[in-house]
There are 2 protein chains.
Amino acid sequence: MPTVKKLPRPAAKTVRPSALQAESLRQTRREHASETAEDYVEAIADLAASQGEARVVDLARRLGVTHVTVNRTLARLQREGYVRVQPYRAIFLTDSGRVLAADCHHRHGIVVAFLCSLGIPEKAAEIDAEGIEHHVSPATLAAFARQLKANKP
Amino acid sequence: MPTVKKLPRPAAKTVRPSALQAESLRQTRREHASETAEDYVEAIADLAASQGEARVVDLARRLGVTHVTVNRTLARLQREGYVRVQPYRAIFLTDSGRVLAADCHHRHGIVVAFLCSLGIPEKAAEIDAEGIEHHVSPATLAAFARQLKANKP
DNA sequence: TTCAAAGTGTAGCCAAAGCTACATTATGTA
DNA sequence: TACATAATGTAGCTTTGGCTACACTTTGAA
Ligand SMILES: [Mn+2]
Ligand SMILES: [Mn+2]
Ligand SMILES: [Mn+2]
Ligand SMILES: [Mn+2]
């Protein structure tokens with residue numbers, strides 16, 4: 001063996017417990033797994049409200065991806081029971097899709113308003129919120145809402 | 001053609017401009033693309049500080065994945081210039097890896113402290129922060145820090 | 001009524017990240 | 001010094017979500 005000295009490990013200061021960080025990262029991955037569904041149903045509900053119906057091209061434009069990606073994702077969302085799709089027809093939310101969309105819309109609004117209340121410009125708040133929203137637990141959402149109400153009487 | 005009436009599209013209320021939402025989602029996807037690198041280098045720096053060195057098993061435990069996933073990701077991070085790895089040796093950060101780790105550590109601390117300052121329990125704050133941190137723009141991070149300083153004189 | 005343009009669908013490519021199963025190397029202890 | 005065990009590496013599978021290229025269907029205007 002070459003002369004590679006093996007220092008004894010210095011008494012593990014445990015800056016942050018491994019178990020908690022591992023659990024946090026697992027939770028973050030779970031949130032990312034539902035993120036696409038959330039953004040899609042919210043966009044579909046928005047389009048249905050503003051345009052009367054949601055079509056593949058509209059979704060693609062709004063989500064910043066190609067229509068191919070939209071198509072494949074819609075197939076998955078149908079499999080998971082959030083939407084109903086038929087070839088060459090508009091896209092419709094199921095009941096559970098509508099519920100999810102409403103929840104996400106509500107949460108999105110609170111996150112944006114909260115960031116704005118900190119002095120962040122509308123547009124920047126909108127950009128950050130699109131990512132942050134999926135990692136805001138019910139407790140944190142409640143804290144945001146509480147803070148908003150306290151600052152705006 | 002079957003009798004499917006085509007209503008004229010009601011005057012597009014444009015709840016949220018498609019362009020802004022598309023750009024927000026693109027930004028979120030970019031952030032997700034760098035997220036793994038950020039969490040890894042931060043974990044490696046933490047382990048090096050607390051244990052003296054970072055080994056594959058330690059990383060796997062701390063990140064909540066198998067050692068296989070750690071190995072493949074480390075190969076990518078080496079390709080991207082954040083780490084140096086040698087078979088059966090400890091993992092080392094490059095200069096740019098150390099810089100990234102320091103930035104992320106700093107940002108992580110501010111996000112956790114900010115959430116705690118809203119009354120969210122430490123553990124919940126830690127969990128939410130692990131996901132939120134990657135979507136906090138410099139402007140928003142500054143707002144968090146400002147708020148913290150204002151509330152803790 | 002025709003037909004070009006717009007919309008939609010599909011085949012097949014890629015990379016990232018997760019995994020299990022198994023092979024190989026180091027290490028500490030008997 | 002052996003050798004069992006822990007650590008590490010690798011082969012190969014899966015899912016998700018990007019993409020281009022091309023084919024098919026609808027739709028509206030000439
Ligand atoms: Mn979002
Ligand atoms: Mn993180
Ligand atoms: Mn972190
Ligand atoms: Mn995220």
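- Between B:T140 and B:H135 there is no side-chain heavy-atom pair separated by less than 4.5 Å.
- In this structure, the CG atom of B:L74 is 16 Å from the P atom of D:dA7, given to the nearest Å.
- Looking only at atom types and distance, the side chain of B:H134 has no donor-acceptor partner in the side chain of B:E31 under 3.5 Å away.
- A:N151 and A:S117 share no side-chain donor-acceptor pair at under 3.5 Å.
- When every heavy atom of A:R62 is checked against every heavy atom of B:L25, the shortest pair comes out as O-CD1, 3.9 Å.
- For the residue pair B:Y40 and B:L59, the shortest heavy atom distance occurs at O-CD2, 4.5 Å.
- Remark: A:E23 engages A:R30 in a salt bridge, criterion side-chain N to carboxylate O under 4.0 Å.
- A:R89 has its CZ atom 12 Å from the C1' atom of C:dT8, to the nearest Å.
- Heavy-atom distances to DNA chain C give each of B:Y88 and A:V56 a nearest nucleotide, and the one nearer the 5′ end belongs to A:V56.
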task = List the protein contact pattern of nucleotides 10-19 of chain C with one symbol per nucleotide (5' to 3'): B for base contact, S for sugar-phosphate-only contact, - for none; contact means a heavy-atom distance under 4.0 Å.
result = BB----SBBB
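- Put simply, CZ on B:R61 is 10 Å from P on D:dT8, counting in whole angstrom units.
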